[in-house]
Amino acid sequence: MEIQIVYIAGYYNEIGLIVRQTGKAGARLTVIANDPLMTSDFLAIAGDAANRTLFTFMPEPTKNAAVPAAVARLMTSSLSAAGCTLYAYAAVQAWAESVKYAGTFDPTPVAAALRSGSINTTIGTVRLDSKGDNAASGFIVYRWRDNSGEVVEQNGSSVPAPHGAFQ
């Protein structure tokens with residue numbers, strides 16, 4: 001019995017080399033990784049072997065209709081960085097709102113405030129659990145196919161790809 005799927009945690013350059021080498025060796029292996037693969041740099045390294053490679057990433061934040069003003073301001077950056085910029089902006093929004101709620105910059109009450117409820121941000125509502133982990137699900141599985149990314153259908157529905165991820 002041969003290995004059919006492998007999860008690799010790492011950066012796109014290392015994963016790209018592994019995918020390329022397994023492809024050259026004739027292995028029919030499906031690789032799954034996380035968001036570092038959402039770059040065309042991965043394609044440049046992995047080549048045609050990138051086809052069928054899976055990765056996870058959050059839904060496209062610029063498609064959130066509740067935040068057009070923030071999206072318009074942040075779109076002055078390059079398209080491939082816009083999604084990451086929105087996530088950084090959302091982190092600052094969540095921190096600032098928690099500081100305001102806590103009434104202090106002291107990290108312990110700020111962290112408690114952040115975990116106490118939901119905060120509306122550029123990427124939507126952020127809600128953390130008692131450990132500080134994102135309580136809202138939202139990761140999507142994407143697949144490289146013919147040098148472009150596509151959403152792997154999940155539960156019969158399709159979700160937009162991350163903005164600029166496949167350019």
Side-chain angles (χ1 to χ4, degrees), residues 1-94 121-129 131-167:
M1 174 181 246
E2 68 181 53
I3 297 172
Q4 296 176 345
I5 190 165
V6 64
Y7 181 89
I8 304 173
Y11 294 106
Y12 70 87
N13 46 355
E14 290 90 2
I15 298 170
L17 291 171
I18 292 168
V19 167
R20 185 175 71 201
Q21 292 300 319
T22 58
K24 282 183 180 178
R28 296 213 20 95
L29 180 68
T30 299
V31 171
I32 185 166
N34 53 345
D35 60 337
L37 297 195
M38 68 168 282
T39 175
S40 59
D41 293 339
F42 169 73
L43 285 177
I45 295 168
D48 290 338
N51 283 323
R52 295 186 5 253
T53 302
L54 304 171
F55 64 97
T56 57
F57 196 70
M58 296 180 74
E60 166 50 56
T62 62
K63 302 294 186 211
N64 184 338
V67 293
V71 170
R73 283 192 310 269
L74 294 171
M75 289 305 290
T76 58
S77 64
S78 70
L79 291 179
S80 61
C84 294
T85 303
L86 286 171
Y87 290 115
Y89 188 81
V92 171
Q93 285 179 307
T121 72
T122 59
I123 60 168
T125 302
V126 172
R127 188 174 37 86
L128 303 179
D129 65 18
K131 297 181 294 181
D133 294 330
N134 185 354
S137 64
F139 282 90
I140 297 170
V141 177
Y142 298 92
R143 169 180 40 229
W144 283 108
R145 183 193 307 260
D146 299 327
N147 295 322
S148 65
E150 66 181 6
V151 174
V152 175
E153 189 174 307
Q154 297 171 73
N155 300 326
S157 64
S158 181
V159 182
H163 185 69
F166 308 116
Q167 299 178 2

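Just so you know, these numbers use all the heavy atoms, side chains as well, and skip hydrogens, waters and symmetry mates.
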J.: Is there a side-chain contact between Thr30 and Ile32, using heavy atoms and a 4.5 Å cut-off?
T.: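 Heavy-atom side-chain distance check fails, nothing below 4.5 Å.
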J.: Which of parallel (below 30°), tilted (30 to 60°) and perpendicular (above 60°) describes Phe57 and Tyr142?
T.: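 Tilted, since the angle between the ring planes falls between 30° and 60°.
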J.: Can you check whether Thr56's main-chain N or O pairs, donor with acceptor, with Asn34's side chain at less than 3.5 Å?
T.: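 Judged by distance alone, no pair lies under 3.5 Å.
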J.: From Arg52 CZ over to Leu29 CG, what is the distance, rounded to the nearest 0.5 angstrom?
T.: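 It comes to 8.0 Å.
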J.: Nearest 0.5 angstrom please: Tyr12 OH to Asp35 CG, how far?
T.: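 Rounded to the nearest 0.5 Å, the OH-CG separation comes out at 13.0 Å.
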J.: Between Trp144 and Phe42, is there a donor-acceptor pair closer than 3.5 Å when you use the side chain of the first and the backbone of the second?
T.: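 No, the answer is negative, given that no donor and acceptor are paired below the 3.5 Å cut-off.
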J.: So which heavy atom on Gly23 is nearest to which on Ala49, and how close?
T.: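 Shortest heavy-atom contact: CA-CB, 4.2 Å.
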J.: Is the shortest side-chain heavy-atom distance between Ile45 and Leu17 below 4.5 Å?
T.: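 SC-SC contact between Ile45 and Leu17 confirmed.
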J.: Can you measure from CG (Leu54) to CD1 (Ile5) and round to the nearest 0.5 angstrom?
T.: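 Going from CG on Leu54 over to CD1 on Ile5, the span is 6.0 Å.
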J.: For Ala50 and Leu43, work out which heavy atoms get closest and say how close.
T.: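 That closest heavy-atom pairing would be CB-CD2, 3.5 Å.
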J.: Return the minimal non-hydrogen interatomic distance between Pro36 and Gly10, and the atom names on each side.
T.: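 That would be CG-O, 3.4 Å.
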J.: Nearest 0.5 Å, what's the OG1-CD1 distance between Thr22 and Ile8?
T.: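 Thr22 OG1 to Ile8 CD1: 7.5 Å, rounded to 0.5 Å.
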